[in-house]
Structures are given as C-alpha cells and as structure tokens.
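Written below as structure tokens is the structure these notes are about.
Numbers here are sequence positions counted from 1. Numbering of ligands and ligand atoms starts at 1, following listing order.
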Amino acid sequence: MSISFEGRVAIVTGAGGGLGRAYALELARRGAKVVVNDLGGARDGSGASDAAAQVVEEIRQGGGEAIADGSSVTEFDQMQALVARAKADWGGVHVLINNAGILRDKSFTKMDPADFDLVVKVHLLGSANATKAVWDVMREQQYGRILMTASSTGLFGNFGQANYGAAKLGLAGLTKTLYLEGAKYNVRVNTLAPVAATRMTEDILPEAAFKLFAPENVVPAALYLVSDDAPSNAIVGAGAGAFHTAWVTMNPPLFLSEEDRTVEGFAANWARISDRAGDFVPQSGSEQSQAILSAIQAALKA
Ligand SMILES: NC(=O)c1ccc[n+]([C@@H]2O[C@H](COP(=O)([O-])OP(=O)(O)OC[C@H]3O[C@@H](n4cnc5c(N)ncnc54)[C@H](O)[C@@H]3O)[C@@H](O)[C@H]2O)c1
C-alpha cells in the first residue's frame with residue numbers, strides 16, 4: 001500500500017530546517033504541492049534568513065512543486081495571507097503541519113517573563129494562528145488534516161523548559177477540542193511528540209545518537225497523521241525509528257458521602273482517589289461529568 005499526497009496542498013510551518021524540512025521534502029516527493037514556511041531565525045527566535053527558499057530549491061530540484069513563505073506564525077494576518085496565496089495558486093489547502101518553534105530554556109527561577117511570553121506566542125498562539133487561517137478553507141472543502149507538534153516536555157515535563165512545556169501541552173489541548181469541532185467536516189487533528197537530532201537538540205543529544213535520531217525517522221509518523229486515512233485526536237511519539245502513543249486518562253471517580261466530604265475525608269481517601277485501576281480515555285470533556293454522575297448514581301444505589 002503506498003500513501004500518496006498527489007493533488008494535495010500542504011503547508012509546513014518552520015520548514016526551513018530540521019523536522020519541518022524533512023516533512024516538506026517527503027510530502028513533495030509523494031506528490032503534494034508544498035508551502036515551505038519559515039522565518040529563518042536563530043534557535044531563540046531572533047533574526048531572519050532565506051531558509052525557506054533553500055528548501056523550496058531542494059524540492060524543485062527533486063522535481064516537486066513548492067513555494068517559499070518567510071512570514072511569522074506569530075502574526076495572524078501573515079498566516080491569512082499565506083493561506084490566501086496557497087488557495088489562489090493551487091486551489092485549496094488540505095494539510096497543515098504546525099511545526100515552527102523556538103527555545104528559550106532556563107530554570108523557572110531565572111526565566112524572564114518575556115521568554116515565557118515569546119515561547120508561548122510562537123508555539124501555541126502561532127499554531128492557533130495558522131490553524132485558524134486554514135480552518136474555514138478545510139471546513140468548506142470537507143477535508144483537512146492538521147498536525148500539532150507537542151513534545152515530551154509538554155506531556156511529561158523537563159527541567160528548564162517551563163515556558164516550552166506549557167505551550168506544548170497547550171497544543172495537545174487545542175487538538176482535543178479541534179478534533180471534535182472538525183469531525184463533521186472531515187477535518188482530523190492529531191498531536192506529534194518527536195525526538196530528533198536538529199539544532200534544537202544539538203547540545204542535548206550525544207554525538208553518537210545524532211545519526212540514529214535523524215529527522216527522517218520521524219517522517220513516517222508525521223505523514224501518516226496527515227494522510228487520507230489518518231486517525232483523529234491521537235497523540236503519537238516518534239524518534240529514531242521507534243513509535244508510541246500517549247493518552248490522557250482518568251480513573252473512575254470516587255463519590256464521598258457528605259460525612260467524608262471534608263479535607264480530612266479527602267486525605268483519608270487519597271489512596272483510593274489516586275488508584276489507577278479502571279483508567280479510561282475520555283473522548284470529550286463531557287465524559288468527565290458523565291463519569292461523576294455515574295459514580296454518584298452507583299453510590300446512591302448501594
Ligand atoms: N528536535 C526534537 O527532538 C524535538 C522534540 C520535541 C519537539 N520538537 C518540536 O519540533 C518542531 C521542529 O523543531 P526542530 O527540532 O526541527 O528545530 P528547528 O529549530 O530546526 O526548526 C524549527 C523551525 O521553526 C522556525 N521558526 C521559528 N520561529 C518561527 C516563526 N515565528 N515563524 C515561522 N517559522 C519559525 C525556525 O526558523 C526553524 O527553522 C518544533 O516545534 C519543536 O519544538 C522537536
């Protein structure tokens with residue numbers, strides 16, 4: 001079975017290097033027309049360059065079709081202009097990979113609020129901007145595939161990355177509501193937590209691991225998650241050729257009688273409240289309320 005992107009128009013943000021470049025090259029190789037977006041800044045978000053144009057050149061040399069876009073995901077009007085251009089040139093937008101990102105790592109105690117602000121602005125608001133700009137186009141087409149880029153830091157935490165982690169888990173949260181709103185329109189939304197050797201990780205990953213963690217090893221997961229048969233609302237981890245899923249779960253609620261419904265009663269029942277037996281994956285927020293009501297009904301019947 002071969003997975004084709006023939007006839008599809010794809011936007012990849014932050015595709016001037018690293019993971020985004022690898023996604024853009026493979027999308028184009030499989031027939032997509034690709035908008036290569038990248039501001040071309042440094043790892044901390046400063047400066048600008050023609051990184052996007054270089055990747056477009058690579059795609060064209062390989063016989064593919066692409067256009068470069070040097071705008072910033074932090075500017076909604078620029079994202080609207082980018083989508084309008086893709087639509088005007090190629091008639092629609094079918095795939096959006098929100099990949100652009102920066103790092104401003106510091107322990108929280110040393111972190112300047114401006115560094116928190118900018119990291120959230122690029123990752124979380126930047127992805128919301130690009131997604132908002134394509135959303136109505138995808139709804140009208142009755143077809144859309146959107147990928148958010150999270151991180152193990154967002155899902156599980158990492159010392160020195162409070163700003164980045166907050167933004168990255170925010171993206172998993174954005175996925176969880178957009179997958180519900182997009183379902184009726186065949187718009188599917190997923191979250192990817194990659195691990196790859198790029199300039200973002202060059203001072204973290206040991207040199208020997210660099211080849212193993214080539215961005216190309218993340219491409220199979222990213223492209224499947226924006227393909228025709230993609231699932232929706234999945235959280236997928238990928239790195240060095242290993243792949244997994246991650247889940248937001250809850251356990252069955254424990255109903256406390258009025259007598260036990262005190263701080264002391266909560267403390268006395270903490271072991272049961274935090275017991276993961278019976279964990280399940282709610283498909284929407286309302287399932288939490290339903291589970292609470294079920295717990296109350298069961299307790300009142302007993
Ligand atoms: N490399 C990893 O192990 C890893 C792990 C978890 C998550 N990620 C995420 O994967 C994505 C890609 O990262 P990468 O490792 O390829 O790093 P990278 O620095 O090579 O790529 C990020 C790209 O985004 C671009 N960019 C930054 N700000 C932008 C803006 N405002 N508008 C447009 N483009 C902008 C940069 O110029 C850069 O080319 C990021 O979202 C990153 O947080 C990477």
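Contacts between Tyr164 and ligand 1, counted as non-hydrogen atom pairs separated by less than 4.0 Å, involve the side chain only. With a heavy-atom cut-off of 4.0 Å, Thr153 does not touch ligand 1 at all. Of the heavy atoms in Thr201, only side-chain atoms (C-beta onward) come closer than 4.0 Å to ligand 1. The backbone of Ser71, and not its side chain, has at least one atom closer than 4.0 Å to an atom of ligand 1 (non-hydrogen atoms only; backbone = N, CA, C, O). Contacts of His123 with ligand 1, taken as heavy-atom pairs under 4.0 Å, involve the side chain alone. Proximity of Ile102 to ligand 1, defined as any heavy-atom pair under 4.0 Å, is confined to the side chain (atoms from C-beta onward).
In this structure, Ala150 is part of the shell of residues with a heavy atom less than 4.0 angstrom from ligand 1. Ligand 1 has Val73 within reach: a non-hydrogen atom of the residue lies less than 4.0 Å from it. Using a non-hydrogen distance threshold of 4.0 Å, Ser152 does not register as a contact of ligand 1. Residue Gly40 places a heavy atom less than 4.0 Å from ligand 1. The shortest separation from a heavy atom of Ala51 to ligand 1 is not under 4.0 Å, leaving the residue out of contact.
Residue-environment remark: CD (Glu207) stays at or below the threshold of 12 foreign heavy atoms within 6.0 Å. The local environment of NZ in Lys176 is crowded, with over 12 non-hydrogen atoms from other residues, nucleotides or ligands closer than 6.0 Å. Around CD of Glu216, the count of heavy atoms belonging to other residues, nucleotides or ligands within 6.0 Å exceeds 12. No more than 12 heavy atoms of other residues, nucleotides or ligands lie within 6.0 Å of CZ in Arg272, so this atom counts as exposed by the packing criterion.
Less than 4.0 angstrom separates some heavy atom of Ser72 from each of these atoms of ligand 1: 30 (C), 31 (N), 32 (N). Listed by number with element, the atoms of ligand 1 under 4.0 Å from a non-hydrogen atom of Ala196 are 1 (N), 2 (C), 3 (O). Applying the 4.0 Å criterion to heavy atoms of Asn37 picks out, from ligand 1, the atoms 33 (C), 34 (N). Of all atoms in ligand 1, listed by their number and element, those nearer than 4.0 Å to a heavy atom of Asn99 are 10 (O), 11 (C), 12 (C), 40 (C), 41 (O). Under a 4.0 Å criterion applied to the non-hydrogen atoms of Gly41, ligand 1 contributes the atoms 37 (O). Atoms of ligand 1 lying under 4.0 Å from at least one heavy atom of Gly18, given by number and element, are 16 (O), 20 (O). Which parts of ligand 1 touch Val195 is read off a 4.0 Å heavy-atom cut-off, strictly below it: atoms 3 (O).
Atom 37 (O) of ligand 1 has Asp38 OD1, 2.5 Å as its closest protein atom, hydrogens excluded (heavy atom only). Given atom 4 (C) of ligand 1, the protein heavy atom at minimum distance is Pro194 O, 3.7 Å. Scanning the protein for heavy atoms near atom 15 (O) of ligand 1, the closest one is Thr198 OG1, 2.5 Å. Of the protein's heavy atoms, Thr149 CG2, 3.4 Å lies nearest to atom 10 (O) of ligand 1. The shortest contact between atom 23 (C) of ligand 1 and any protein heavy atom is with Gly14 O, 3.5 Å. Here the heavy atom of the protein found nearest to atom 13 (O) of ligand 1 is Met200 SD, 3.8 Å. Ranking the protein heavy atoms by distance from atom 18 (P) of ligand 1 puts Arg199 NE, 3.8 Å first. Looking only at protein heavy atoms, the nearest one to atom 22 (C) of ligand 1 is Gly101 O, 3.6 Å.
Taking CG of Leu82 as the start and CD1 of Ile11 as the end, the distance is 4.5 Å to the nearest 0.5 Å.
A salt bridge links Arg43 with Asp203: at least one charged nitrogen is closer than 4.0 Å to a carboxylate oxygen. Arg60 has no carboxylate O lying under 4.0 Å from a charged side-chain N of Glu65, or vice versa, which leaves the two without a salt bridge. Taking a cutoff of 4.0 Å between a charged side-chain nitrogen and a carboxylate oxygen, Asp279 and Arg276 qualify as a salt bridge. Note on Arg199 versus Glu202: no salt bridge recorded, every NZ/NE/NH1/NH2 to OD/OE distance being 4.0 Å or above.
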Please walk me through it: do Phe108 and Asn163 pass side-chain contact (heavy atoms from CB on, under 4.5 Å)? CA-CA 8 Å; Phe108 195 55; Asn163 49 0; over 6 Å; no
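A salt bridge (charged side-chain N to carboxylate O under 4.0 Å, His left out) with Asp228 is found for exactly one of Arg188, Arg145, Arg30, Arg8, namely Arg8.
Donor-acceptor pairing under 3.5 Å is lacking for the side chains of Gln78 and Ser72.
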